[in-house]
Amino acid sequence: MPELPEVEVVRRGLERWVAHRTVADAEVLHPRAVRRHLTGADDFAHRLKGHRIGTPSRRGKYLWLPLEDTGQSVLAHLGMSGQLLVQPHEAPAEKHLRVRVRFADDLGTELRFVDQRTFGGLSLHDTTPGGLPDVIAHIARDPLDPLFDDELFVQALRRRRTTVKRALLDQSLISGVGNIYADEALWRARLHYDRPTPALTRPRVLELLGHARDVMNAALSVGGTSFDSLYVNVNGESGYFDRSLDAYGREGLPCGRCGTAIRRRAWMNRSSYFCPRCQRAPRVSS
DNA sequence: CGGTGAACCTGGCCGC
DNA sequence: TGCGGCCAGGTTCACC
């Protein structure tokens, strides 16, 4: 599932293969792939036509392609299964091909948005003076952003009356962390997912943040995480960080620190993986 | 308005 | 073989 490292890999691929190319035309093959565009998919496609793409940017799991001289950007979210692929024109259409963007040049490749579960999508928005599409103004900076404010994060997290994993997944507090890297950061920090945030000390929160950064940087350095063929980077290559995960998806396997079997617990309509010995539950568990 | 939890969606997989 | 049910989970939104 694409989280921050995977999305960053895609962004780099787009920077290499798509930036500075002019859109010849766009074709929307599934209406759900274009979001929040009240005037419809055809209008969306029409508005891309003839514009040159600037340098792709990313915040958390969102990435966007500025359309030069329009004040607008194409915002993309990959959801759970979205892929942005650069393919030769003649490559056969993927089973879940949703959007196709052709360019006005002779490079012979096109950009494709492919998405099985249709949780992802593209949309078009005004770019704010800060360079951010207006609809993601509420998304916090991510921990790999040089301007991420660690102290601000500590204070904001401790003010929340919630539990630590919920806070890690709250994109208005910190962005880019999904279920996988939340479990990995918590395992590294030896914190149980249900620990109340107000009880965490400043050093504990800073340590957790550091682990989140470390694990995402490690994933980024090997090209993202992939568990199946759903996620591939912009050139269609899978990452292989899943070999390095310590908690996520390891139910019943020994904890790399103490050997205790990793457990899986149903949590918020999904799963939490943790070591019952290294990550003790709070005394009063919700 | 902060916290909570359901809905959205499809295909792979498992058990019967 | 076929089919029902479960599971994956980021974001949005309704509700309290």
Side-chain angles (χ1 to χ4, degrees), chain A residues 1-8 10 29-38 58-64 75-84 94-99 113-123 125 132-140 142-143 155-186 193-199 212 216 219 224-232 238-239 242 245 247-252 263-274 285-286:
Chain A
M1 303 82 201
E3 297 184 22
L4 185 153
E6 291 78 12
V7 177
E8 175 59 17
V10 171
L29 298 117
H30 191 296
R32 234 181 103 80
V34 171
R35 300 302 176 83
R36 314 189 232 201
H37 200 81
L38 299 176
R58 180 190 57 75
R59 175 173 285 194
K61 300 169 203 166
Y62 287 91
L63 64 84
W64 63 94
L75 180 66
H77 196 290
L78 301 178
M80 291 180 57
S81 54
Q83 299 168 248
L84 283 165
E94 290 76 8
K95 185 174 180 189
H96 303 290
L97 178 61
R98 307 303 192 197
V99 180
F113 178 65
V114 177
D115 190 14
Q116 177 210 112
R117 291 177 213 172
T118 70
F119 272 35
L122 308 181
S123 51
H125 305 283
L132 207 66
D134 52 10
V135 293
I136 60 164
H138 66 289
I139 300 293
D142 61 68
Q155 298 312 319
L157 180 137
R158 297 184 69 220
R159 269 200 304 273
R160 291 289 168 98
R161 292 213 197 337
T162 186
T163 50
V164 65
K165 187 170 172 182
R166 283 199 75 116
L168 280 179
L169 296 179
D170 185 339
Q171 305 292 303
S172 67
L173 205 54
I174 179 172
S175 69
V177 183
N179 203 40
I180 298 167
Y181 295 112
D183 280 0
E184 292 301 304
L186 289 166
Y193 58 88
D194 244 353
R195 288 222 106 94
T197 44
M216 289 200 289
T225 301
S226 178
F227 299 95
D228 52 35
S229 59
L230 279 180
Y231 169 74
V232 290
S238 296
D242 52 307
L245 295 178
Y248 187 87
R250 291 181 43 87
E251 183 180 20
R263 287 197 189 148
R264 178 169 73 97
R265 282 275 182 283
W267 182 86
M268 295 275 300
N269 281 334
R270 58 205 63 185
S271 294
S272 275
Y273 296 88
F274 67 107
S285 185
S286 61

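Residue numbers begin at 1 in each chain, while the letters A, B, ... track the order of the sequences. Heavy atoms only: backbone and side chains are in, while hydrogens, waters and symmetry mates are out.
Within the 4.0 Å cut-off from OP1 or OP2 of B:dC8, not a single side-chain nitrogen or oxygen of A:Arg117 is found. Within the structure, a side-chain polar atom (N or O) of A:Asn269 is placed less than 4.0 Å from OP1 or OP2 of B:dA6. Taking side-chain N and O atoms only, A:Lys61 has a distance below 4.0 Å to OP1 or OP2 of C:dT11. At least one side-chain nitrogen or oxygen of A:His96 sits closer than 4.0 Å to the OP1 or OP2 atom of B:dG11. For B:dC9, neither phosphate oxygen OP1 nor OP2 lies less than 4.0 angstrom from any side-chain nitrogen or oxygen of A:Gln116. Regarding contacts with the backbone of C:dT11, a side-chain N or O of A:His77 is found under 4.0 angstrom from either OP1 or OP2.
Map A:His30 and A:Thr162 each onto its nearest nucleotide of DNA chain B; the residue landing nearer the 5' end is A:Thr162. Taking the nucleotide of DNA chain B with the nearest heavy atom to each of A:Asp170 and A:Thr118, the more 5' of the two is matched to A:Asp170.
One atom, CE of A:Met80, and another, P of B:dA7, lie 17 Å apart when rounded to the nearest Å. Between A:Asp115 atom CG and C:dG10 atom P the separation is 14 Å, expressed in whole Å. To the nearest angstrom, C1' of C:dT11 lies 11 Å from CG of A:Leu169. Taking atom CZ of A:Arg265 as the reference point, atom P of C:dC7 lies 14 Å away to the nearest angstrom. Between A:Tyr181 atom OH and C:dG10 atom P the separation is 11 Å, expressed in whole Å. Counting to the nearest Å, the C1' atom of C:dC7 and the CH2 atom of A:Trp267 are 17 Å from each other. For A:Asp194 and B:dT4, the CG to C1' distance is 13 Å, given to the nearest whole Å. Atom CG of A:Leu78 and atom P of C:dG10 are 12 Å apart (whole Å).
At the heavy-atom level, A:Arg161 lies under 4.0 Å from the strands shown only through sugar-phosphate atoms.
Contact annotation: the side chain of A:Arg265 approaches that of A:Tyr193 to within less than 4.5 Å [non-hydrogen atoms, C-beta and beyond]. Residues A:Leu63 and A:Leu84 form a side-chain contact, since some pair of their non-hydrogen atoms from C-beta on lies under 4.5 Å apart. Taking 4.5 Å as the limit, some side-chain heavy atom of A:Gln171 sits within range of a side-chain heavy atom of A:Lys61.
Listed candidates were B:dG11, C:dA8, C:dT12. Nearest to the side chain of A:Lys95 is B:dG11. Out of C:dA8, B:dG5, C:dT11, the shortest distance to the side chain of A:Tyr273 is found at C:dA8.
Going from atom CG of A:Asp194 over to atom NZ of A:Lys165 covers 10.0 Å, rounded to the nearest 0.5 Å.
Scanning atom types as modelled, one donor and one acceptor separated by under 3.5 angstrom connect the side chain of A:Arg270 and the base of C:dG10.
Side-chain contact annotation: A:Thr197 with A:Arg160, donor-acceptor N/O pair under 3.5 Å absent.
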